Each structure stands twice: as C-alpha cells, then as structure tokens.
Amino acid sequence: LVIKANQQVWNYITRDKAKSVSEGLYKKLNGDSVNSKLCSSYAWDTALKFIDTKNAGYSTNSAQGNYSDKSAELGKPAKTGLTEAVNNIYDMGGNTWEWTTEAYSNGYNPCTPRGGGYGYSSSNYPAAYRNLYSRTHASASISFRTTLYL
C-alpha cells in the first residue's frame, strides 16, 4: 500500500477493515518504536486545532473541502490531495467521512466517522462533525485516516 497525492480514495471500507489496514501500514524494523493506528477523535480534534491556527473557523464552518456544493466532479470523491491543503493537511472537511476509533453508546451505530462526505453540504457537516454508523457500514462516501506515532 502506497499513500500519496492524486490517488483514488480507498472507500467502501468497514470500520474494522480500516482499523486493520491502519495498524498494518508500518512494518517495524530493527526495534523501531513507530506505530500506525486508525485516527482517534483526539488526534482528529488536535489536527483541526492546528488547522484553525492558520485558517480560523475551518473546523466548525469550513468553506474548504470537497463537499457537494464545491466538488469539481459532483457525486464522486476527489482523488487524494486535490483540495487546498491547510498547514499541509488535506481533506479534513468533506471528500469522505473518515472512520475513527471513537465509540458511541448506541448499540446499532456505535462507530464515529468524522469530517463529512462529498455528498453533503459544507454548511451542515463541517470538519468537526461526528456521524454515527455501524461497524459493518461501507459506502462510496466513507474512508479512513491513519495516524503515525513516533
């Protein structure tokens, strides 16, 4: 698996598969202490605070991202890295919902993806928004983000 700009988004992925893929992205060599994990909501919120230092209000009222009202190709997720980067971070608002490790106390929809999807309006689903899905949900508008721990 290679992660780089201008690639098709990996969508149609369940929360458990996203977690598994995220944890397997980095292979430890020679006693390295690096780990990769599915993004937590704490990491998501920390990244949004970092973005807000450069673009105040991005997390709660984003005019950026790839929502349906701004998508170059309506009805499809953008390839990775095609929206404007803020503090060198791409696509936190819009493009696809992204699975996180956050759990919600709802038996039917216990998993929390973040960020909004390309089929949604930016005014209704800013980057800080939390959605609810079952762990087996997979669709064109859901993907994942990995966090690298050094």
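Both backbone and side-chain heavy atoms feed into the values below; hydrogens, waters and symmetry mates do not. None of the values given here were measured: they were computed from a predicted structure.
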Output the distance between atom [atom1] ([X]) and atom [atom2] ([Y]), rounded to the nearest 0.5 Å.
X	Y	atom1	atom2	value
T112	E98	OG1	CD	14.0 Å
N11	T96	CG	OG1	7.5 Å
L132	E102	CG	CD	9.0 Å
Y133	W99	OH	CH2	7.5 Å

Exam field: side chain [X] to backbone [Y], donor-acceptor pair closer than 3.5 Å:
X	Y	answer
N109	S134	yes
S20	D16	no
S143	W10	yes
T14	A138	no

R114 and S41: side chain donor to acceptor below 3.5 Å
yes

State, to 0.1 Å, how close M92 and W44 come at their nearest heavy-atom pair, and which atoms those are.
O-CZ2, 3.3 Å

Ring-plane angle category for Y129 and W97, please: parallel below 30°, perpendicular beyond 60°, tilted otherwise.
tilted

Among all residues two or more places apart in sequence or in another chain, which pass the side-chain contact (heavy atoms from CB on, under 4.5 Å) test with S139?
H137, S141, I142

